[in-house]
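Here the structure comes first, spelled out in structure tokens, and everything after it is commentary.
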Number of protein chains: 2
Amino acid sequence: MNSKTHNHLDIGSILSEKGISRTNFRTKLVNYFYSSNKSLSVDDILKYFNNSINKVTVYRSLVSFENNGLIHKVPDTNNLMRYSLCRKEECSPISHNHNHGHFICYSCNQTFCLEGVKYPEIISMKGFYVKEFKLTAEGYCKECYKN
Amino acid sequence: MNSKTHNHLDIGSILSEKGISRTNFRTKLVNYFYSSNKSLSVDDILKYFNNSINKVTVYRSLVSFENNGLIHKVPDTNNLMRYSLCRKEECSPISHNHNHGHFICYSCNQTFCLEGVKYPEIISMKGFYVKEFKLTAEGYCKECYKN
DNA sequence: ATAAAAAACGCAACCAAGTTGCATTTATTT
DNA sequence: AAATAAATGCAACTTGGTTGCGTTTTTTAT
């Protein structure tokens, strides 16, 4: 373990490390991402902060987090902005690597990363210059299926 | 060829066959779908009719067409409503069968059906009750790549 | 062919999600 | 600690789509 490079993983310093301004709200927001460990929509965030924070601030914070490789967009059936933490050193400010499908639950609207489901090889795509794949499955997650 | 069941494929009668009211506008709209032979957004349609038609009418017509198995939604990178004709007896009012991926061009925003790209088998989805798959590829189509 | 019923249309108003400009406050840099 | 840069909040705006309702057109039943 290198004690210099990546030892202090306390959440507060993550912002500074990524080059994001360490404001009161942003610190709490990154904390929320780490503690909830699920994808978050703007609405989730506004509710969590009891609407004490302006939605513009939320939007701008999310864009900043995304640009600095801290979070990434995940698909959502309702076409709203939804973000997940970037994990496993997959992402950087330069490029996000999310080469896996997503599952969206109709009931709880949660988005799950399907790490096991990789994209198909680029086949029978003649005539198309493919830049990006998106694979999403929709249905009910284990938790919601019970009820 | 059975002359009774499906002979008169003139576009005008398609609406009646599907149980959709045969109004002036709807006849022109289904004609536009058949003649352009590509996916259409609400904006495409409004422009085609030089904004002489009310957008509400467009939205309601599209919903009606969809409910009667004439057209189906296709994905769009800009998250707007976009529709394609249902072809090859794939669709009915009861169920739409579009078990294939789609390609969306960044440049012309056109959505293409990738008939050759079927969805992966339901694998490694443990804990998820999958109802629907969506596979989209994005990039540049042949036409736009040239320029 | 026509009257009654049903569906489509257009308008205006509305809604939700997200964006922009600008003045103020808070962080960061030096 | 002062200068600079970035974040915040407010209000106003934009885009894409929806709803209610009175009027017109289409369909159905006679």
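Keep in mind that this is a model prediction, so the values were computed, not measured. Quick note on labels: first sequence line is chain A, next is B, and so on, each numbered from 1. Excluded from the calculations below are hydrogen atoms, water molecules and symmetry mates; all remaining heavy atoms, backbone and side chain alike, are included.
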Open item on the list: Between Val63(B) and Ser21(A), which residue's closest nucleotide on DNA chain D lies nearer the 5′ terminus?
Closed with: Ser21(A)

Open item on the list: Protein within reach of the bases, or only the backbone? For nucleotides 8-14 of chain D, mark each nucleotide 5' to 3' as B, S or -, using heavy atoms under 4.0 Å.
Closed with: BBBB---

- [ ] Check side chain to side chain donor-acceptor pair (under 3.5 Å) between Ser64(B) and all other residues, then give those that pass, not counting sequence neighbours.
- [x] Arg26(B)

Open item on the list: Quick check on the helix from dA1(C)-dT30(D) to dT30(C)-dA1(D): what's the angle between its two end axes, five base pairs per end, to the nearest 10°?
Closed with: 40°

- [ ] Using side chain to side chain donor-acceptor pair (under 3.5 Å) as the criterion, list what pairs up with Arg22(B), not counting sequence neighbours.
- [x] Ser16(B)

Task: Nearest-Å distance for atom pair CG/C1', residues Leu62(B) and dT18(D) - done: 14 Å

Task: Pairing residues for Asn24(A) by the side chain to side chain contact (heavy atoms under 4.5 Å, CB included) criterion, not counting sequence neighbours - done: Lys28(A)

TODO: Using the six-membered ring wherever Trp is involved, compare the ring planes of Phe103(B) and Phe112(B) and label them parallel, tilted or perpendicular (cut-offs 30° and 60°).
DONE: tilted

Task: Upstream residue (5' side of DNA chain C) when Asn79(A) and Ile20(B) are each assigned their closest nucleotide - done: Ile20(B)

- [ ] Return yes if some donor-acceptor pair links the side-chain N/O of Asn54(A) with the main-chain N/O of Val56(A) below 3.5 Å, else return no.
- [x] yes

TODO: Please identify each residue that fulfils side chain to side chain contact (heavy atoms under 4.5 Å, CB included) with Thr136(A), with sequence neighbours left out.
DONE: Pro75(A), His102(A), Glu138(A), Lys134(B)

- [ ] Under the side chain to side chain contact (heavy atoms under 4.5 Å, CB included) rule, collect the residues that match up with Val63(B), sequence neighbours excluded.
- [x] Asn67(B)

- [ ] Report the distance from atom CZ of Arg82(B) to atom P of dG16(D), rounded to the nearest whole Å.
- [x] 11 Å

TODO: Tell me, please, the opening and closing nucleotides of DNA chain C, 5' to 3', among those with an atom under 4.0 angstrom from a non-hydrogen atom of chain B.
DONE: dA7(C) to dA12(C)

Task: Selection residues 42-51 of chain A - residue pairs positive for salt bridge (charged side-chain N to carboxylate O under 4.0 Å, His left out), sequence neighbours left out - done: Asp43(A)-Lys47(A), Asp44(A)-Arg82(A)

- [ ] Mind jotting down which residue pairs meet the ring pair (Phe, Tyr, Trp, His ring centres under 6.0 Å) criterion with at least one end in residues 27-58 of chain B? Sequence neighbours excluded, please.
- [x] Phe25(B)-Phe49(B), Tyr32(B)-Tyr48(B)

- [ ] Mind checking side chain to side chain contact (heavy atoms under 4.5 Å, CB included) for Lys55(A) and listing every partner two or more places apart, or none if nothing turns up?
- [x] Leu46(A), Tyr59(A)

Open item on the list: Output the rounded distance in Å from CG (Asp44(B)) to P (dT15(D)).
Closed with: 16 Å

TODO: Quickly work out the Asn51(B) CG to dT15(D) P distance and round it to whole Å.
DONE: 13 Å

- [ ] List for me each residue that meets side chain to side chain donor-acceptor pair (under 3.5 Å) alongside Thr57(B), sequence neighbours excluded, and say none if there are none.
- [x] none

